[in-house]
Amino acid sequence: MFDENKILNLSSFLEDEIAPTVLGAFLRRSEYIGNEYIFTYFSFRSSKFYEFCENYYQDYANCINQKSGIFPYWQLNISESNDPIYISSKYKGVYILKNDLDIELSDEQSGNNFTNRLLNKIRRQSFLFDYAMEEERKDFLRGYLDVAMSYDGSGFFACDYHCSSRADIRKISLLMDHGLMNPEYFNFNTRLTEDTTQKDDQFRVSWKYYLCEIGTYNKYRMECIHASDTNAAELTIDENSPGIYYFNIDYVALSPARRNEKTQNFISKYNAFINMAYGYRIEGNQDAETLRQYRQLFGMDDSNNEDRRTTRNQRIVSQVYDDEPDECVCCKNRYNIADRSFYVKRRVNGLAVDKYFFEIHHAISFSNGQSQYTEENVLDVIENLVKVCPTCHTCMTAKRGREEDIKILLNSMLDNSPKVKDFAEGYFGTTDKEELIIKIYEVLH
Ligand SMILES: [Zn+2]
């Protein structure tokens, strides 16, 4: 049986001040019981990494109620089939509204349905327009994401959306239009293939970003990550926002250039996403050429199918080769390049010319960057690439060069490449050069 005192009238929900967390949760998922009730829910199942998830449902309800303003009405779902309100046991905790206005909740033809009313209410919230209301914006996002997202095993929390539903497309547009999805850490997984055109799409958020910056009500989620990753940091509770768990870890901050690149990429995908949703999914313009173009745009084209986590990006290698001066960042202060390398033919502006041969080296070894943060290798970026002569490159390979020689080369590299020094400082979170040398050496492959 549900606690009747914790069922909110729809009239009150629409007129009164409702906490951003609750609005976010209803925006994400609203289910109807006949035409009498609406509920939203949280739900999570036991992970293979850690059992006992049922011990955490009450904690979740307590946490989310602390961020649910004047109506902390989340309750565990303990209903039974003969109760007046019965809700399937797959919904672990619920927040119930009673349709006292007697509107047609799900009537898509009517502008008066629940989704439209909800969207209209949310669109009047000042936190959507006022970026300084950071806490409210985070509450809203947490309400939206936290209640129903799952860890996808590759560094992301994934949220399904119904790609053929106009309502779902409008909801996601609302998040994007108001800057609630940080393009550095969100992306789309369209799952659009010839075979599975009806499979739900997903948008995804980097779990490290989420658990450091947004925080979760879900202690169980933190326990699973602890159990699956012994390097995971301790969880902390924000004293100022009781009920929210954070992980106390650093995630890689992107350089301004890289951030700009990500933002541009996200915006173009956003445009494509809207076109795809309306054109391909909803209007049914499902010709093969359109499908091929979308697949290509979302990096799903078969000819462009390399996994960026494990395959070096040749485009940036060429860029560094062409753009940076012909000198070895490790030994240029001590040797003439003619004593360390040799001429090879290289194409410059269409002409084959003799140029000294260099190798492009990942300052922090590539294999450490297989990403928990993005689909790409976070170390396969221009900021982490340097030009070195073949001799230095050979020496700077694990188990080949002597430790003292490698450390001398790393020292020169940091002196001669401010770009790499900046990047490594951000990556390792220290500006102490000796410490950087040790850390880069320790992860050398
Ligand atoms: Zn060299």
Side-chain angles (χ1 to χ4, degrees), residues 252 254-258 308-371 376-445:
V252 178
L254 298 176
S255 67
R258 186 84 177 119
R308 282 271 159 260
R309 284 168 292 178
T310 53
T311 314
R312 288 163 170 76
N313 183 347
Q314 290 307 316
R315 182 183 61 77
I316 61 172
V317 168
S318 307
Q319 202 170 327
V320 170
Y321 207 111
D322 292 340
D323 291 355
E324 306 218 346
D326 277 347
E327 52 191 31
C328 170
V329 293
C330 293
C331 69
K332 70 174 195 173
N333 316 89
R334 285 179 295 141
Y335 294 99
N336 190 323
I337 188 63
D339 301 328
R340 304 283 272 186
S341 184
F342 41 84
Y343 280 118
V344 291
K345 295 279 183 228
R346 216 175 144 77
R347 205 157 270 283
V348 178
N349 298 326
L351 296 173
V353 295
D354 289 332
K355 293 193 55 119
Y356 280 110
F357 175 76
F358 286 93
E359 293 178 339
I360 304 300
H361 170 69
H362 286 83
I364 305 167
S365 293
F366 176 86
S367 57
N368 300 291
Q370 291 177 19
S371 182
E376 301 178 355
N377 185 309
V378 291
L379 294 173
D380 201 27
V381 294
I382 283 179
E383 292 87 337
N384 190 38
L385 294 181
V386 282
K387 223 173 196 179
V388 293
C389 72
T391 311
C392 290
H393 204 199
T394 304
C395 176
M396 279 196 299
T397 308
K399 302 197 180 83
R400 292 181 97 172
R402 295 187 305 170
E403 180 174 346
E404 56 266 43
D405 293 333
I406 292 175
K407 286 184 170 169
I408 290 169
L409 297 178
L410 291 175
N411 186 51
S412 316
M413 178 180 81
L414 292 174
D415 285 345
N416 290 326
S417 178
K419 169 189 84 171
V420 160
K421 185 157 179 287
D422 266 11
F423 180 77
E425 286 176 355
Y427 186 81
F428 289 116
T430 174
T431 54
D432 182 316
K433 194 166 78 168
E434 293 308 313
E435 204 181 329
L436 283 180
I437 292 169
I438 292 168
K439 286 187 181 292
I440 296 172
Y441 180 78
E442 278 172 355
V443 300
L444 193 68
H445 263 78

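Atom set for the values below is all heavy atoms of this structure, side chains included, hydrogens, waters and symmetry mates excluded. Both ligands and their constituent atoms are indexed starting at 1 by order of listing.
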Checklist entry - So does Cys330 have any N/O/S atom less than 2.8 Å away from the Zn ion (ligand 1)? => result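 Under 2.8 Å: Cys330 has no N, O or S contact with the Zn ion (ligand 1).
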
Checklist entry - Short check: any N/O/S atom of His393 below 2.8 Å from the Zn ion (ligand 1)? => result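 It does not; every qualifying atom lies at 2.8 Å or beyond.
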
Next on the checklist: Would you say that Val443 contacts Phe428 through its side chain, given a criterion of any heavy-atom pair below 4.5 Å between the two side chains?
Outcome noted: yes

Next on the checklist: Please report the interatomic distance CD(Glu359) to OH(Tyr321), rounded to the nearest 0.5 Å.
Outcome noted: 8.5 Å

Next on the checklist: Please report the interatomic distance CG(Asn411) to CD(Glu434), rounded to the nearest 0.5 Å.
Outcome noted: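 Here the rounded value is 6.5 Å.
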
Next on the checklist: How large, to 10°, is the angle at the Zn ion (ligand 1) when you draw lines to SG on Cys392 and to SG on Cys331?
Outcome noted: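 Between SG of Cys392 and SG of Cys331, the angle at the Zn ion (ligand 1) is about 110°.
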
Next on the checklist: Would Phe357 and Tyr343 count as a ring-ring contact (aromatic ring centres under 6.0 Å, His included) here? Give the steps.
Outcome noted: CA-CA 6 Å; Phe357 175 76; Tyr343 280 118; over 10 Å; no

